[in-house]
Amino acid sequence: MQIREGPRRQAQSAAGAMRSPMSAMMLAMFATMASFYVAGRLWQDAQNRVYLIKELDRRTGQGRSAISVDDTLKVVACRQQGKRLASLEMELAAAKHDGFVGKYTSETNGTHSKKKPLIVIGIMTSFGRKNYRDAVRKSWLPTGSMLKKLEDEKGIVVRFIVGRSANRGDSFDREIDDENRSTNDFLILDDHIESDEELPKKTKSYFANAAETFDAEFYAKVNDDIYINVDTLSAMLETHWDKPRVYIGCMKSGEVFSEATHKWYEPDWWKFGDGKSYFRHASGEMFVISRPVAQFISINRSVLRTYAHDDVSVGSWMIGLAVKHVNEAKLCCSSWPSGAMCSAL
């Protein structure tokens, strides 16, 4: 026997049937709105990241992507290899004391034999000093084929050292380039801006670039107003083959000037103590360092401190190294000692 539903029961069933589609529609609308909200937040986060990256590049001046971990490891590995190479060079130089190497060596490449340079002499010059360079060429520095003969037969490489103009490619740069095409006796430091105030940095750049360009036993720095007796210099260097790390020059000291108006003012005067006296160092007119020392400068150029004067700067680098300081009176160019290897022009 079936029981007939009453009017109230039927009304409730009809209302439930109407609520079911309406609830589904509300749920769908809510889900759609939630999706738009989440998508909007994700897009906004992405835009914020792009903005922050661009802002970071702008403030740091990089404008390029960061170096990857792999690239960083490769750079570290190269630096470690460079330091290891410098260490091996020092060990090889020390072996000369036991007779492992005689005079400057020869390197054989196929059927051709090439002598390793005995010394690279860097003559510090600058823009507007062509008259000084011509005086050097007329006095002691050969030109043309004779310059090549000096390198091949005596192992003596000589180059004028100059940087670049602050306005790259201007008339100063063009004059040096034209002169070099004619004489072929320059080592141009593309990483250095020529300036009288930056001579210590120029000297550091010279030794670093010379050590990377020429595989010589010794490297000398000399001013462009100095005359050199290359034969006497070569004979003197032969007596220092047994010293793996050597720093040769007319050793001196002197007062540290703290007055800003003084010609030889030292901004870092306070670092030299109450006595205001420089440590012992070679005169800047001319001095010589051995290959391991030049390699040390090349590897550590970015962290080596420079002072107001190039001779003091180089002397400061030698203080912390196991380097033999040789006080060679014949390199006191201004005093013209007996048997001098150099003199002022």
Handout entry: Heavy atoms from other residues, nucleotides or ligands near NZ of Lys271 exceed 12 (cutoff 6.0 Å)
Key = yes

Exercise for the section: Decide yes or no for Leu189 and Lys202: does some side-chain heavy atom of the first lie under 4.5 Å from some side-chain heavy atom of the second? Expected result: yes

Fill in the blank from the handout: Sorted by chain and number, sequence neighbours left out, side-chain contact (heavy atoms from CB on, under 4.5 Å) with Ser277 holds for Ser253

Exercise for the section: Name all pairs fulfilling the salt bridge (charged side-chain N to carboxylate O under 4.0 Å, His left out) condition that reach into residues 226-235, sequence neighbours left out, sorted by first residue then second. Expected result: Lys154-Asp231

Practice task
Using a 4.5 Å cut-off on heavy atoms from C-beta on, say whether the side chain of Thr183 contacts that of Thr143.
Solution key: no

Completion exercise
So CE of Met236 and CD1 of Ile119: to nearest 0.5 Å the spacing works out to 7.0 Å

Completion exercise
So CD of Glu153 and NZ of Lys148: to nearest 0.5 Å the spacing works out to 10.0 Å

Handout entry: CA sep, side-chain torsions, deciding dist, call: Lys330, Leu233, side-chain contact (heavy atoms from CB on, under 4.5 Å)
Key = CA-CA 9 Å; Lys330 294 179 180 180; Leu233 175 64; over 6 Å; no

Exercise for the section: Please report the closest heavy-atom contact between Ala216 and Arg291, naming both atoms and the distance. Expected result: O-CD, 3.2 Å

Compile the donor-acceptor pairs under 3.5 Å between side chains in residues 207-214 and protein atoms, sequence neighbours left out, one pair per line.
| residue | atom | partner | partner atom | Å |
| --- | --- | --- | --- | --- |
| Asn209 | ND2 | Ser205 | O | 2.7 |
| Asn209 | ND2 | Ser205 | OG | 3.1 |
| Glu212 | OE2 | Ser298 | OG | 2.9 |
| Glu212 | OE2 | Arg301 | NH2 | 2.3 |
| Thr213 | OG1 | Asn209 | O | 2.7 |

Practice task
Grab the two heavy atoms, one from Ala220 and one from Met286, that are nearest each other, plus how far apart they are.
Solution key: CB-CE, 4.5 Å

Practice task
Flag the pair Phe272 / Tyr307 as yes when their ring centroid distance falls below 6.0 Å, and as no otherwise.
Solution key: yes

Exercise for the section: Calculate, to the nearest 0.5 Å, the distance between atoms CG and CG belonging to Asn300 and Leu321 respectively. Expected result: 8.5 Å

Practice task
For the residue pair Leu187 and Tyr206, establish whether any side-chain heavy-atom pair is separated by less than 4.5 Å.
Solution key: yes

Problem - Min side-chain heavy-atom separation Tyr132-Asn223 under 4.5 Å - result: no

Exercise for the section: Tell me, with the steps shown, if Thr203 and Ser313 meet side-chain contact (heavy atoms from CB on, under 4.5 Å). Expected result: CA-CA 9 Å; Thr203 301; Ser313 298; over 6 Å; no

Practice task
Report yes or no: does Trp317 contribute a side-chain atom to a donor-acceptor pair with the main-chain N or O of Arg305 at less than 3.5 Å?
Solution key: yes

Practice task
Evaluate side-chain contact (heavy atoms from CB on, under 4.5 Å) for Asp185 paired with Arg133, printing each intermediate quantity in order.
Solution key: CA-CA 10 Å; Asp185 56 5; Arg133 294 191 290 272; over 6 Å; no

Handout entry: Lys/Arg N to Asp/Glu carboxylate O, Arg129 vs Glu194, below 4.0 Å
Key = no

Handout entry: Between Thr261 and Glu259, a side-chain donor and acceptor under 3.5 Å
Key = no

Problem - Check: Val246 main-chain N/O paired with Ser290 side-chain donor or acceptor under 3.5 Å - result: yes

Handout entry: Phe287 side chain reached by His281 side chain, heavy atoms, under 4.5 Å
Key = no

Exercise for the section: Kindly indicate, with the supporting measurements, whether the criterion salt bridge (Lys or Arg N to Asp or Glu O under 4.0 Å) is fulfilled by Asp134 and Lys138. Expected result: CA-CA 6 Å; Asp134 288 340; Lys138 292 177 181 178; 6.0 Å; no

Handout entry: Cluster overlap Trp269 with Phe279, hydrophobic side-chain contacts below 4.5 Å
Key = yes

Practice task
Of all the heavy-atom pairs spanning Pro244 and Pro292, show the shortest one and how long it is.
Solution key: O-CG, 3.3 Å

Fill in the blank from the handout: Smallest heavy-atom separation, Arg245 atom then Ala322 atom, equals NE-O, 2.8 Å

Handout entry: Co-membership, hydrophobic cluster, residues Trp270 and Val256, 4.5 Å side-chain
Key = yes

Fill in the blank from the handout: Nearest heavy-atom contact between Ala308 and Glu266 is N-OE1, 3.3 Å

Handout entry: Linked, directly or transitively: Val312 and Ile248 (ILVMFWY side chains, under 4.5 Å)
Key = no

Handout entry: Any side-chain heavy-atom pair of Ile176 and Phe127 under 4.5 Å
Key = yes

Problem - pair Met318-Val293: side-chain heavy atoms closer than 4.5 Å - result: yes

Practice task
Please name the pair of heavy atoms, one in Asp224 and one in Ile123, separated by the smallest distance, quoted to 0.1 Å.
Solution key: CA-CG2, 3.5 Å

Practice task
Could you tell me which residues satisfy side-chain contact (heavy atoms from CB on, under 4.5 Å) with Glu175, sequence neighbours excluded, listed by chain and number?
Solution key: none

Problem - Tyr227 atom OH: more than 12 heavy-atom contacts under 6.0 Å - result: yes

Completion exercise
Output for pair (Ile226 CD1, Glu285 CD), nearest 0.5 Å, gives 4.5 Å

Handout entry: Ser234 and Leu118, any side-chain heavy atoms less than 4.5 Å apart
Key = yes

Handout entry: Distance in Å, Ile297 CD1 paired with Ile289 CD1, rounded so as to fall on 0.5 Å steps
Key = 4.0 Å

Exercise for the section: Hey, could you give me the CG/CE distance between Asn229 and Met341, rounded to the nearest 0.5 Å? Expected result: 9.0 Å

Problem - Test salt bridge (Lys or Arg N to Asp or Glu O under 4.0 Å) applied to Asp310 and Lys201, Lys221, Lys204, the passing residue - result: Lys221

Handout entry: Listed once per pair and sorted, the salt bridge (charged side-chain N to carboxylate O under 4.0 Å, His left out) pairs that draw on residues 311-324, sequence neighbours left out
Key = Lys252-Asp311

Handout entry: Hydrophobic cluster membership, Val314 vs Tyr278, 4.5 Å side-chain cutoff
Key = no

Handout entry: Under 2.5 Å between SG of Cys333 and Cys250
Key = no

Report, one line per pair, each donor and acceptor closer than 3.5 Å where one atom sits in a side chain of residues 160-170; sequence neighbours left out.
| residue | atom | partner | partner atom | Å |
| --- | --- | --- | --- | --- |
| Arg164 | NE | Asp190 | OD1 | 2.9 |
| Arg164 | NH1 | Asp177 | OD1 | 3.1 |
| Arg164 | NH1 | Asp177 | OD2 | 3.3 |
| Arg164 | NH2 | Asp177 | OD1 | 3.3 |
| Ser165 | OG | Asn167 | N | 3.1 |
| Ser165 | OG | Asp170 | OD1 | 3.3 |
| Ser165 | OG | Asp170 | OD2 | 2.6 |
| Arg168 | NH2 | Asp190 | O | 3.1 |
| Asp170 | OD1 | Phe172 | N | 3.2 |
| Asp170 | OD1 | Asp173 | N | 3.2 |

